Amino acid sequence: MIHLTFPDNSVRSYEAGTTGAAVAEGISKSLAKKAVAMTLDGELRDLSDPISADARIEIVTREDPRALELIRHDAAHVMAEAVQELWPGTQVTIGPVIENGFYYDFKRVHPDTREDWPFTPEDLPVIEKKMREIIARGAAFTKEVWSREEAKRFFAAKGETYKVELIDAIPEGQDLKIYRQGQWLDLCRGPHMASTRQIGDAFKLMKVAGAYWRGDSNNEMLTRIYATAWANEADLKAYIHMLEEAEKRDHRKLGREMDLFHFQEEGPGVVFWHAKGWSVFQSLVAYMRRRLANTYDEVNAPQVLDTSLWETSGHWGWYKENMFSVQCADPEAEDERIFALKPMNCPGHVQIFKHGLKSYRDLPMRLAEFGVVHRYEPSGALHGLMRVRGFTQDDAHVFCTEEQMAAECLRINDLILSVYKDFGFDEVVVKLSTRPEKRVGSDELWDHAEEVMTRVLKQIEDQSGGRIKTGILPGEGAFYGPKFEYTLRDAIGRDWQCGTTQVDFNLPERFGAFFVDKDGEKKTPVMIHRAICGSMERFLGILIENFAGHFPLWLAPKQVVVATITSEADDYARDVHAAMRKAGLRVDLDLRNEKINYKVREHSLAKVPVIVVCGKREAEERTVNVRRLGATDQTSMSLDDAIAAFVEEAVAPDLKRARD
C-alpha cells in the first residue's frame, strides 16, 4: 500500500500503481470529470501516471491556474497535427509554451516544386478550423516510452529529420516519451491533459515569422506560427484587447507622431533623440538626480577602457560576445592596444572605490552614474527603445560591510518603490533570485546573503501591508550573488522587469578592493549593484506606452500650445505665450491661418497635454479657453488663474513632496 497526503493534510491509502485518474474518481465523479492533471510532491504529472510511492497529491482541474500551461501545450500538439493533416510531409520541429501562448516551428516544402513553402497569414484561419475539428474529436492523450533506436527509425521513415536530430541530443539513459492523440503522435516530455476536448475553444493563431532551426543563423530557416490560448473566451478577449491597446500605444509609432526620436541604418540600435524627446529624457534624468541627492555621490567612469581591465573583471571571458572592441583606425598609431566600450559601469566604480585608502568609517559608500554603455544585440533582436545597443544606465553601486547589507537593500527598495509610485506604477512584484548551479563564493557566503535577503524580502512585503507581492526564483541569481528583481505592471496589464538589487561577492575581490575595519584588518567590501529604471531609454519607452504618449504635465516635452481662432487675437496670443514662458512653462505658439479644429487635431495627435485657445472674445476679456488632451469639454479661465494652475500641475512629484 502507498499513502497519499491531500492538500487538507488528510492521508488515504491506495494500492501501489494506482493512477491520478483513479484517485479523482474515488473522491467524486464530478472531480474526475473536471480533472486534467495531478501534482505529486509539487510536480505536475499526467493523470494516467501510476503512483508507486508515498507522496503529497493534488488533483488539478481545468480552472486551476496551473492548467493554463497544459492547455497551451496541448493546443500546440493539436496545431502540429492540424498542419500535418492539411499538408502531409510538413516537418514538425519544436513547439514550446511561452508567455501568453505557444509556437511551433515547421518545415514545409511545396509538393510540386519541392522548394521551401513558408506559411503565410492566409494559412492561419485554415489551420485554426482544422484544430477545432481535432479538439471536437476528443481523442485521449496517451503516453508511451520508446527506445532511442525505435524512435529514430520511426521519425526517419516519416522524413522527420529534425526529430531525429532532437533524439540524438537527448542524453543517454533518459526515457524517450511519445504522446499520442488519436492516430497522431510526437516526441514530448509531457505532461498532457486527458483529452483534446479539454483544450476548449479559447485560442487564436496570431502570426507567422521566420526562425532559424535551434536559433542558429547558420541553420535552415523554418516558419514559426505563434498562437495564444486561454482557459475561457473572456480571458482570450481580454488578451486580444490588450494587444490592440498595445499596438495603439507602440512607442515607436508614438515616437514618430510626437517627434521624439528616430533610428536609422547608419546607427543600428542607437537613438537619434529629437529636441522634444531629449527634453523628456533630460526631465527623467533630472528627476532621478534629485532622488539621489544627499544619498549618493554621482561619478563618471570612462567609456573606453583597456581590455586588460575587462579580463580582470571577467567580462572579457564570459561576456565578450556582447562587447564592442575599439582600436585606433590609424595602422601606424603608437598605441596599438585593443580597448572596449564599456557594457557596464561596475568595474569603473570599483576603480573609483580603490582610489585612496578606505576605512570602515567611509562605508557605506554609494556611487551613482548615468553612464552610457554599449552591448551588442543581434539586429533581429533590436526593438525601438526597448532593445538597443547603446543606452544610459541609471546605475549605482553601494560598497558596504556585511552587517550593513540588509539596511542598504531596504533603503534601495524604498527608493525603487517610491520612484515607481511617482510614475503611477502601484502594482509591483519583488522576487528574490537565489544561487545558480555555477557560482563563485563559498556556500557560507551564499547562505548568509540569501538569509539576509530573504529577511529583507519579508520586510518588504510586511511594510507594504501586502500591497507589494513577493516571490522566490530558485537558481536564477547571478553567478556572483543573489538579487532582487522588480517587475511593474503598466496601464494595460503588461509586466515589465525594470529594477534590480544584486549582491556581489566577486568583483571587489577580483580587483583587490578592500577597506580597513575597526580591528585594523583588510576586508573585502560587499558590493551591491542597483538599478531603478535600468536602461533609461527602455524605461522611457515603457512610460510612453503606459501613458499612451499622454505624459503628466511635468514630464511632457511641450506642456502647452497657445493657438488662435482668428488673426485678431494674434497679439493677445503672443502676450499669453510670453507670460507662460516667463512662468517656466514649455509652451509653443500657433498663429497659422488654419481652422481651430485643424490645429486642435494636429496638436492632439502630437499629444500636447493642454491647448489654450485664444479668440477675439478671450482677447477682450483677458481669458483663455482651455482644452485638455483626451477631454471633450472646454474650460474658460482668466489668464492668471490658468497660468497658476498649469505651473502647479507642472511641479514634479518629488519637488511637490519637498515643498509640502
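Since the model is a prediction, treat every value here as computed from it, not as a measurement.
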Engineer: Considering residues at least two apart in sequence or located in another chain, which fulfil the salt bridge (Lys or Arg N to Asp or Glu O under 4.0 Å) criterion with R189?
Structural biologist: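 By the salt bridge (Lys or Arg N to Asp or Glu O under 4.0 Å) rule, R189 matches no residue at all.
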Engineer: Could you verify whether a donor N or O on one side chain and an acceptor N or O on the other, from T312 and W310, lie under 3.5 Å apart?
Structural biologist: no
Engineer: Which pairs count as side chain to side chain donor-acceptor pair (under 3.5 Å) when at least one residue sits in residues 15-25, sequence neighbours excluded?
Structural biologist: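 Every pair satisfying side chain to side chain donor-acceptor pair (under 3.5 Å) with a residue in residues 15-25: E25-K29.
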Engineer: Once salt bridge (Lys or Arg N to Asp or Glu O under 4.0 Å) is applied, do any residues pair with D116, and if so which ones, sequence neighbours excluded?
Structural biologist: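 Counting only residues at least two positions away or on another chain, D116 forms a salt bridge (Lys or Arg N to Asp or Glu O under 4.0 Å) with K107.
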Engineer: Taking the six-membered ring for Trp and the single ring otherwise, decide whether the centroids of Y104 and F106 are under 6.0 Å apart.
Structural biologist: yes
Engineer: Taking salt bridge (Lys or Arg N to Asp or Glu O under 4.0 Å) as the definition, give me every residue that meets it alongside K253, ordered by chain and number, with sequence neighbours left out.
Structural biologist: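 For K253 the salt bridge (Lys or Arg N to Asp or Glu O under 4.0 Å) partners, ignoring immediate neighbours, are E257.
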Engineer: Taking the six-membered ring where the residue is Trp, are the ring centres of W230 and F203 under 6.0 Å apart?
Structural biologist: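 No, they do not, as the ring centres are separated by 6.0 Å or more.
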Engineer: For the pair Y14 and F6, name the ring-plane relationship: parallel under 30°, tilted 30 to 60°, perpendicular over 60°.
Structural biologist: tilted
Engineer: Write down the atom of L187, the atom of F155, and the distance for their closest heavy-atom approach.
Structural biologist: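 Heavy atoms of L187 and F155 come nearest at N-CZ, 3.9 Å.
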Engineer: Classify the ring geometry of F119 against W87: parallel below 30°, tilted from 30° to 60°, perpendicular beyond 60°.
Structural biologist: perpendicular
Engineer: Can you pull the salt bridge (charged side-chain N to carboxylate O under 4.0 Å, His left out) pairs that have at least one residue in residues 86-97, sequence neighbours excluded?
Structural biologist: none
Engineer: May I ask you to decide if the ring planes of W117 and H110 are parallel, tilted or perpendicular, using 30° and 60° as cut-offs?
Structural biologist: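 Tilted.
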Engineer: With sequence neighbours left out, write down each residue that passes salt bridge (Lys or Arg N to Asp or Glu O under 4.0 Å) with E128, or none if nothing qualifies.
Structural biologist: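 Here the qualifying residues are R132.
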Engineer: Do H529 and Y480 have ring centres separated by under 6.0 Å?
Structural biologist: yes
